[in-house]
Amino acid sequence: MRRVISGRSVRGGFLSAAMAGSLFLGATGCGGDGDGDGLPKDYKVVAGTQLCGGKAVSADASRALKVITGSSRFEASAKKYTIAQAAADLVWAFPGPTVMEDVCRVYKPIGTSDYDLRITWDLGDSAPTGISAPKYTVLKMGELAVAAADKAYVYFACQSDRFSSTAGTHIVIGVERWMMPKPPEGNVEALKDAYATVAHSFALAMAKELRCEKNGGLPERSVLDPA
């Protein structure tokens, strides 16, 4: 996984290729006929800890989502967008190569400002190498973790009986605000910490779902001090 972490993404231009890959049904991830107010009948607004199948967002990550989005309530995720499904897709794709695939997306409720936070997974063929761009803070989690004011990535190695190879695999979990028309506003350090916390929460949930040895070297709580 020879990657120089650039200002755009850890993999240069690959994100655009996957942009249309795994969207929710409509804008909300809900289906069915609408009711009197124009919303689908199964439309729900939930707390952060209930997103993405209910196992991916820790209490710390839920609070971090509020820092990132300004909201503590979100559109319910589509039923198939869960850590369990993402882990199954990852095992099926192993040993790769892959492009970034969605774990899920986070949207603020209809009637509030548009917000699209994308959580992704990807496989690599080796541990990450290269120099991080100045916008990123390097954190000591897994093989590598980096955070900026609009995105974060956590890399970890996984040895598990769910993979055919005993050599293990290298996984990256990303969290990025998608289609953002202008630079992020607010306290940059607080935003970096928030993105790192959300990325760690999803990475740890993925490591546990995959039964990675020692949870892929990930701590139980996010480490936010620079490496």
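Note that the numbering runs from 1 along the sequence shown for the chain.
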By side-chain hydrogen bond (donor to acceptor under 3.5 Å, both in side chains) - contacts of S71 (at least two apart):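 Scan of S71 (side-chain hydrogen bond (donor to acceptor under 3.5 Å, both in side chains), adjacent residues dropped) gives none.
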Listed partners of K55 passing side-chain hydrogen bond (donor to acceptor under 3.5 Å, both in side chains), at least two apart: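 None.
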Hydrophobic cluster identity match, V188 and L65, side-chain contacts under 4.5 Å: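 Shared cluster, no.
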Same cluster (ILVMFWY, side-chain, under 4.5 Å), V91 and I83: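 V91 clusters together with I83.
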Contact list for residues 62-74, test salt bridge (charged side-chain N to carboxylate O under 4.0 Å, His left out), sequence neighbours left out: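 Applying salt bridge (charged side-chain N to carboxylate O under 4.0 Å, His left out) to every pair that reaches into residues 62-74, excluding sequence neighbours, yields D60-R63.
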Student check: side-chain heavy atoms of Y107 and S77 closer than 4.5 Å: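 Answer no - side chains too far apart.
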I171 side chain near L210 side chain, heavy-atom distance below 4.5 Å: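 Side chain of I171 against side chain of L210, heavy atoms only: contact under 4.5 Å found.
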Listed once per pair and sorted, the side chain to side chain donor-acceptor pair (under 3.5 Å) pairs that draw on residues 84-94, sequence neighbours left out: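 Non-adjacent pairs meeting side chain to side chain donor-acceptor pair (under 3.5 Å): Q85-D89.
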Partner residues of Q50 under the side-chain contact (heavy atoms from CB on, under 4.5 Å) criterion, sequence neighbours left out: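 Checked Q50 against side-chain contact (heavy atoms from CB on, under 4.5 Å); matches are V46, A47.
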Partner set under salt bridge (Lys or Arg N to Asp or Glu O under 4.0 Å) for D161, not counting sequence neighbours: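 In terms of salt bridge (Lys or Arg N to Asp or Glu O under 4.0 Å), with neighbours along the sequence ignored, D161 is linked to R211.
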Basic-acidic side-chain contact under 4.0 Å: R118, E101: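 Salt bridge: no.
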R177 bridged to D116 by N-O distance under 4.0 Å: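 Looking at R177 and D116, the cut-off is not met.
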Inter-residue atom distance I68.CD1 - L191.CG, 0.5 Å rounding: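 Rounded to the nearest 0.5 Å, the CD1-CG separation comes out at 7.0 Å.
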Modelled atom types, side-chain donor and acceptor of T69 and K108, under 3.5 Å: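 No - no donor-acceptor pair under 3.5 Å links their side chains.
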